[in-house]
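Following: one structure in structure tokens, then a few remarks.
Protein chains get the first letters and strands the later ones, always in sequence-line order, with residue 1 at the start of each.
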There are 2 protein chains.
Amino acid sequence: MKKEKQIKLEASGWKIGSVDEFLELSREEAEFIELKLSLSRNLKERRQSLRLTQKDFARMIHSSQSRVAKMEAGDPAVSIDLLVRSLLALKTSHKEVAGMLPV
Amino acid sequence: MKKEKQIKLEASGWKIGSVDEFLELSREEAEFIELKLSLSRNLKERRQSLRLTQKDFARMIHSSQSRVAKMEAGDPAVSIDLLVRSLLALKTSHKEVAGMLPV
DNA sequence: TCAATATATGTCAAAACTGACATATATTCA
DNA sequence: TGAATATATGTCAGTTTTGACATATATTGA
């Protein structure tokens with residue numbers, strides 16, 4: 001990034017290549033994890049309230065019991081994509097998904 | 001899935017291994033794509049309103065110009081995870097992300 | 001116009017994610 | 001209790017997603 005651009009960015013509140021950037025990345029990562037955990041918790045609640053076992057739910061989404069367990073455990077090696085696909089499979093509306101994001 | 005379980009599921013509105021399941025998968029996939037495209041569009045708007053080039057934005061998120069272009073083009077080979085991370089990098093709040101989901 | 005800048009598209013090796021499997025642990029309920 | 005059922009954890013090969021690069025096309029502005 002050109003120096004000029006960096007100055008322009010920093011003038012509007014961005015900090016690049018500094019301690020601030022490190023803090024910024026921490027914030028992003030924390031928020032990202034929060035978001036995933038929230039989807040994860042909601043997915044588990046939905047499945048349970050439908051009285052589905054992990055095994056049966058896994059079949060519905062063409063996955064496996066162990067992966068469902070990992071999704072619900074908030075395993076870092078599970079994508080948001082898979083969580084969202086799973087929620088949609090349980091007929092969760094976009095509005096409901098939106099409501100699942102952290103405050 | 002045991003026959004019994006399948007019957008139980010179907011009684012509560014689920015259809016497995018049928019034309020209905022195919023339609024159900026289509027619905028899910030359509031909604032999934034809709035959701036991604038919505039995030040994609042909003043990301044582009046945000047970047048542009050901040051007067052950032054794809055190249056500069058790419059540096060901010062430690063990625064590349066071509067990947068940013070793909071994100072904004074709604075390329076199927078771009079994960080929700082990357083889209084969300086990118087939005088968070090632009091200091092988008094969870095509430096704002098929620099507002100970006102389709103009605 | 002036309003050169004500089006910005007964006008789009010295709011490709012690829014490396015990294016991340018996946019379903020499946022084995023197996024450990026926990027929960028249910030007769 | 002203890003056997004059946006449900007969930008958790010670890011591993012791995014196959015698949016998908018990634019940043020990076022090259023390069024094509026589009027937009028800007030002097």
Side-chain angles (χ1 to χ4, degrees), chain A residues 1-6 8-9 16-17 21 25 28-29 32-33 35-37 39-90, chain B residues 1-6 8-9 16 25 28-29 32-33 35-37 39-90:
Chain A
M1 192 175 331
K2 283 184 197 157
K3 189 69 189 172
E4 191 197 339
K5 188 75 199 180
Q6 181 170 341
K8 211 188 279 181
L9 275 176
I16 284 93
E21 188 195 15
L25 285 175
E28 281 170 39
E29 191 58 12
F32 184 74
I33 292 171
L35 193 151
K36 276 179 61 174
L37 288 181
L39 293 179
S40 166
R41 277 191 298 270
N42 277 276
L43 177 64
K44 181 167 191 172
E45 282 172 15
R46 287 224 148 206
R47 176 186 63 78
Q48 287 180 330
S49 77
L50 288 168
R51 305 255 179 277
L52 287 169
T53 65
Q54 290 184 342
K55 197 183 197 182
D56 288 335
F57 178 49
R59 293 230 181 162
M60 288 178 58
I61 62 175
H62 305 284
S63 182
S64 62
Q65 179 271 322
S66 59
R67 187 132 299 264
V68 171
K70 284 174 180 70
M71 281 197 257
E72 295 183 351
D75 189 315
V78 168
S79 71
I80 293 185
D81 295 67
L82 186 60
L83 288 168
V84 169
R85 278 183 194 281
S86 300
L87 283 166
L88 294 179
L90 291 181
Chain B
M1 192 175 327
K2 282 183 196 158
K3 189 69 188 171
E4 190 196 340
K5 189 74 198 180
Q6 182 169 341
K8 212 187 278 180
L9 275 177
I16 284 92
L25 285 175
E28 281 171 39
E29 191 59 11
F32 184 74
I33 291 171
L35 194 151
K36 277 178 61 172
L37 288 181
L39 293 178
S40 167
R41 277 191 298 270
N42 277 276
L43 177 64
K44 181 166 191 171
E45 282 172 15
R46 287 225 147 205
R47 175 186 64 78
Q48 287 180 330
S49 76
L50 288 167
R51 306 254 179 279
L52 287 169
T53 65
Q54 290 184 343
K55 197 184 196 180
D56 288 334
F57 178 49
R59 292 229 182 164
M60 289 177 58
I61 61 174
H62 304 284
S63 182
S64 63
Q65 180 271 323
S66 59
R67 187 132 299 266
V68 171
K70 284 175 180 73
M71 281 197 258
E72 295 183 352
D75 189 315
V78 167
S79 70
I80 292 185
D81 294 68
L82 187 60
L83 289 168
V84 168
R85 279 183 194 280
S86 299
L87 283 166
L88 294 179
L90 291 181

For B:Ser40 and B:Met71, the nearest pair of non-hydrogen atoms, with its separation, is OG-O, 2.8 Å
task: Please work out if A:Ser63 contacts a base, only the sugar-phosphate, or nothing of the nucleic acid, heavy-atom cut-off 4.0 Å.
output: sugar-phosphate
B:Lys36 NZ to D:dT17 C1', in whole Å, measures 10 Å
B:Met71 atom CE is separated from D:dG19 atom C1', nearest whole Å, by 10 Å
Distance col, row A:Gln54:CD vs A:Arg47:CZ, nearest 0.5 angstrom, shows 4.5 Å
From CG of A:Asp81 across to P of D:dT17 the rounded distance in Å is 7 Å
Discussion item. Tell me whether the side-chain N/O atoms of A:Ser79 come closer than 4.0 Å to OP1 or OP2 in C:dT18.
Written reply: yes
Judged by nearest nucleotide, the residue sitting upstream toward the 5' end of DNA chain C, B:Arg67 or B:Lys44, is B:Lys44
Q) Can a side chain N or O of A:Gln65 be found less than 4.0 Å away from OP1 or OP2 on D:dA8? A) no
The nucleotide from D:dT7, D:dG10, D:dA20 with an atom nearest the side chain of A:Ser66 is D:dG10
Output for pair (B:Met60 CE, B:Leu52 CG), nearest 0.5 Å, gives 5.5 Å
Looking only at C:dT7, D:dA8, C:dA20, the nucleotide nearest the A:Lys70 side chain is C:dA20
Of the candidates C:dT9, C:dG19, D:dT7, the side chain of A:Thr53 sits closest to D:dT7
Students often get this wrong, so: under 4.0 angstrom with heavy atoms, is B:Val68 touching a base, only sugar-phosphate, or nothing? nothing
Taking D:dT18, C:dA20, C:dT18 as options, the one with an atom nearest any side-chain atom of B:Leu82 is D:dT18
To the nearest angstrom, the CG-C1' distance between B:Leu52 and C:dA6 comes to 13 Å
B:Gln54 atom CD is separated from D:dA26 atom C1', nearest whole Å, by 12 Å
Per atom distances to the B:Arg47 side chain, the nearest of C:dT18, D:dG19, C:dT7 is C:dT7
note: B:Gln48, atom CD; D:dT27, atom C1'; distance rounded to Å ~ 12 Å
Heavy atoms of B:Ser64 and B:Ala58 approach each other most closely as C-CB, 3.3 Å
Between CZ of B:Arg59 and P of C:dA6 the distance, given in whole Å, is 12 Å
Correct closest heavy-atom pair for B:Val78 and B:Leu83 would be CG1-CG, 4.1 Å
DNA chain C nearest-nucleotide lookup for B:Arg85 and B:Ala73: closer to the 5′ end is B:Ala73
B:Lys55 atom NZ is separated from D:dA20 atom P, nearest whole Å, by 13 Å
